[in-house]
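Report on one structure; see the data block that follows.
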Number of protein chains: 4
Amino acid sequence: MSPRSDAARNRARVLDAAQQVFAADGLGASTEQIARRAGVGVGTVFRHFPTKEALLSAVLAARLETLADDAERLAEDPDPGAALFDFLARTVQASGLKIAYADALERAGIGTDEVVAPVRERVTKAVATLLDRAQRAGAVREDVAVGQVFVFIHGASRAVPTITDDALRAATLRMMFDGLRPR
Amino acid sequence: MSPRSDAARNRARVLDAAQQVFAADGLGASTEQIARRAGVGVGTVFRHFPTKEALLSAVLAARLETLADDAERLAEDPDPGAALFDFLARTVQASGLKIAYADALERAGIGTDEVVAPVRERVTKAVATLLDRAQRAGAVREDVAVGQVFVFIHGASRAVPTITDDALRAATLRMMFDGLRPR
Amino acid sequence: MSPRSDAARNRARVLDAAQQVFAADGLGASTEQIARRAGVGVGTVFRHFPTKEALLSAVLAARLETLADDAERLAEDPDPGAALFDFLARTVQASGLKIAYADALERAGIGTDEVVAPVRERVTKAVATLLDRAQRAGAVREDVAVGQVFVFIHGASRAVPTITDDALRAATLRMMFDGLRPR
Amino acid sequence: MSPRSDAARNRARVLDAAQQVFAADGLGASTEQIARRAGVGVGTVFRHFPTKEALLSAVLAARLETLADDAERLAEDPDPGAALFDFLARTVQASGLKIAYADALERAGIGTDEVVAPVRERVTKAVATLLDRAQRAGAVREDVAVGQVFVFIHGASRAVPTITDDALRAATLRMMFDGLRPR
DNA sequence: AATGAATGAGCCTTCATTCAT
DNA sequence: TATGAATGAAGGCTCATTCAT
């Protein structure tokens with residue numbers, strides 16, 4: 001909290017706070033609120049992220065970074081089918097973001113910017129690999145394109161977390177992604 | 001025409017305008033804008049819907065009303081499986097609301113109020129019937145509950161309309177709902 | 001002050017307040033301050049003048065309107081020389097605006113907009129007439145162009161009002177404008 | 001080089017930068033911007049000039065210092081009339097400050113402080129000498145006081161530099177100062 | 001002495017809501 | 001009942017100033 005002591009730490013705290021607040025209150029949450037949650041002044045938020053959009057982009061990028069990590073790690077899983085569906089489940093269930101993530105995914109302009117674009121490409125590539133392997137293993141329909149997988153993620157991220165019962169939520173998630181399997 | 005009917009007409013115009021504006025610009029659209037679109041003053045909007053939330057509720061209720069109508073009509077369809085999936089596709093593809101609808105569905109507080117609750121119950125009942133018949137006909141998994149159907153609707157409404165290519169959108173929709181079918 | 005009672009009156013009050021406040025505290029004065037002076041809420045200021053620039057333009061336009069009126073009235077004066085110098089003195093001495101007026105005159109972008117442009121043209125024309133007549137009467141150098149007259153006005157408006165002694169201020173003003181006379 | 005001279009060099013750089021930035025962007029320019037231009041951190045700016053006002057004063061003082069130098073040098077010119085008018089023209093045309101200079105001159109509080117006061121007195125004295133000599137030589141009206149000369153400088157500094165055409169600007173300047181000459 | 005991150009007051013602007021007409 | 005002007009709380013953002021390093 002002391003000035004200068006660690007700018008990077010503050011940046012991270014703001015990012016964290018933003019993640020939580022956006023998740024809890026939607027993208028409309030005020031910068032003030034985020035600053036409070038991060039334990040810093042508004043000015044600090046704006047110093048690190050000059051615009052609300054920039055903050056949003058950063059949150060989204062951080063989120064996608066994690067996704068990419070997950071996907072890349074799973075690309076080496078011996079069971080390609082399980083790997084893909086694991087990835088999907090983990091992604092949707094991931095604590096925290098939820099709404100903000102999905103919201104951001106669909107907001108025009110966000111996700112197109114220079115901060116997010118590279119990460120997005122990385123995730124896309126990783127998921128494409130996951131998908132390809134799953135298809136070769138016969139665990140996923142042949143006619144599924146990566147873009148569709150992201151639509152599934154988007155939809156599931158939005159809707160499924162609204163279920164509070166753990167078992168039911170898991171079941172619904174599985175069911176929705178079952179649409180990707182061969183019949 | 002009597003003042004009574006004048007008022008009724010205005011109410012309808014506002015509701016219509018709200019539907020369009022929310023669909024086009026999101027729930028953040030200003031009341032002013034809705035009034036302009038409806039060709040009335042802001043005051044009139046507030047006379048009919050004392051709060052933005054009330055307006056939202058009314059829009060949602062109207063939307064659900066249509067859904068219920070659809071569902072009830074389809075309940076008499078000779079092919080129960082087709083009936084359910086027709087209903088789902090129609091619901092998601094329905095022009096207009098889309099995002100606003102889904103947004104509203106998940107906003108806490110909305111959909112729980114006295115305006116929406118009854119309609120919601122009606123839709124639920126109608127969809128339950130549709131679902132039950134489809135299950136009896138073997139077109140849908142036995143272990144699906146109505147609640148889950150709504151989660152599917154919610155997710156699909158959010159994500160699928162972001163696809164601009166008509167054929168791809170339809171295919172994705174079908175694929176997602178395929179998760180409801182028996183394997 | 002009551003809503004609706006007289007929107008036009010409120011607009012005028014805001015304009016008046018803006019004039020005074022800008023004159024007293026410079027163009028940087030806050031809208032809040034202007035609202036307070038006008039006895040209205042900030043929202044009202046923005047309803048009438050959607051932007052600070054718009055308010056500035058309006059103030060400037062109002063000011064120029066008065067100038068144009070003055071100039072046009074004086075164009076019929078039997079003594080062309082006196083007419084021009086009267087106009088100049090009156091313009092500079094005019095209570096109120098002072099700083100804001102001159103500031104606005106030089107701010108790029110302001111004075112070029114659609115609100116100010118027409119009035120500006122009107123003043124220019126009127127002053128051109130005044131100048132022309134004064135030159136024909138031999139009261140002003142032949143080689144003076146209207147543009148230069150405005151530069152004189154601008155400079156004098158800025159500097160002369162800083163003199164508090166009435167007689168000295170008048171004398172200085174006369175002296176400065178003497179530069180326009182034939183030698 | 002000793003820390004002493006380091007500090008001195010920095011002070012000068014800041015002053016220089018401030019001069020340029022104020023001239024280019026007006027007194028509203030941010031301290032950050034000035035620091036950047038000077039190639040130092042904001043902290044350094046504030047170490048040397050604890051307040052924006054202090055910085056402004058310093059800039060003004062530096063400017064007046066130059067003026068005083070000019071005036072004192074010209075006091076020995078064999079042609080007293082030419083000397084005064086040369087001084088006036090040079091002062092107004094002086095690249096750099098222009099607007100900021102004039103702004104500062106009229107802002108209450110600035111120019112009255114302990115930093116500026118002494119220099120101001122020095123300029124005043126020097127200009128008084130210049131004026132006196134010019135009057136004795138019959139190049140300037142008898143009834144002109146030093147204060148009025150400064151008002152002329154102020155007004156001309158504000159208005160004349162807005163003219164972009166070199167010849168026209170010079171002519172206008174001459175014309176305005178002609179007001180000081182005997183008729 | 002220099003640095004620049006942190007701070008928070010303050011600015012412009014938007015918008016739901018009220019209420020005189 | 002309809003209207004739209006008025007209101008003021010909030011929101012995003014800027015900037016002078018402080019202070020740990």
The nucleotide from F/dT7, E/dT3, F/dG4 with an atom nearest the side chain of B/V42 is F/dG4
Would you indicate, yes or no, if E/dA1 has its OP1 or OP2 atom less than 4.0 angstrom from a side-chain nitrogen or oxygen of D/H48? no
From E/dA1, F/dA5, E/dT3, pick the nucleotide closest to the side chain of C/R47? F/dA5
B/G28 vs A/T44, nearer the 5' end of DNA chain E by closest nucleotide: A/T44
For a quick test of reading the model: is some side-chain N or O of B/N10 closer than 4.0 Å to OP1 or OP2 of F/dA2? yes
Given atom NZ of D/K52 and atom C1' of F/dT14, what is their separation to the nearest angstrom? 11 Å
Taking only N and O in the side chain of A/T31, is any of them less than 4.0 Å away from OP1 or OP2 of F/dG12? yes
Measure from CZ on D/R11 to P on E/dA2 and round the result to the nearest Å. 12 Å
Specify the separation, in whole Å, of atom CD of D/Q33 and atom C1' of F/dT14. 13 Å
Rounded to whole Å, how long is the line connecting atom CZ of C/R9 with atom P of E/dA20? 17 Å
Find the partner of E/dC15: check Watson-Crick (N1-N3 plus N6-O4 or O6-N4) and G-U wobble (N1-O2, O6-N3) distances, both under 3.5 Å, and reply none if neither fits. F/dG8
Atom CZ of B/R36 and atom C1' of E/dC15: how far apart are they, to the nearest Å? 12 Å
Select one nucleotide: of E/dT18, E/dA6, F/dG11, the one nearest the side-chain heavy atoms of B/F46. E/dT18
Shortest non-hydrogen contact from C/A58 to C/L15? CB-CD1, 3.7 Å
Opposite nucleotide pairing with F/dC13, Watson-Crick or G-U, both atom distances under 3.5 Å: E/dG10
By the 4.0 Å heavy-atom rule, please label C/A29 as base, sugar-phosphate, or nothing. sugar-phosphate
Using both distances under 3.5 Å as the test, list the Watson-Crick or G-U wobble partner of E/dT21, or none. F/dA2
What is the minimum heavy-atom distance between A/V119 and A/V115, and which atoms define it? CG2-O, 3.5 Å
Between C1' of E/dT17 and CD1 of B/I34, the distance in whole Å: 14 Å
Using a 3.5 Å distance criterion without hydrogens, assess whether the side chain of C/T51 forms a donor-acceptor pair with backbone atoms of C/A54. no
Ignoring hydrogens, what is the shortest heavy-atom contact between C/L55 and C/F49? Give both atom names and the distance. CD1-CD1, 3.6 Å
Tightest non-hydrogen contact, residues C/H48 and C/N10, listed as NE2-CB, 4.1 Å
Of all the choices, E/dC12, F/dG4, F/dT1, which nucleotide is nearest to the side chain of B/A7 once you look at every atom? F/dT1
Position toward the 5' end of DNA chain F (nearest nucleotide), A/G43 or C/G43: C/G43
Nearest-nucleotide wise, let me know which of C/E32 and B/E32 is further upstream toward the 5' end of DNA chain E. C/E32
Please report, rounded to the nearest Å, how far the P atom of E/dT7 is from the CZ atom of A/R13. 9 Å
What's the CZ-C1' distance between C/F49 and F/dA6, to the nearest Å? 15 Å
Shortest non-hydrogen pair, D/V14 vs D/A38, comes out as CA-CB, 3.9 Å
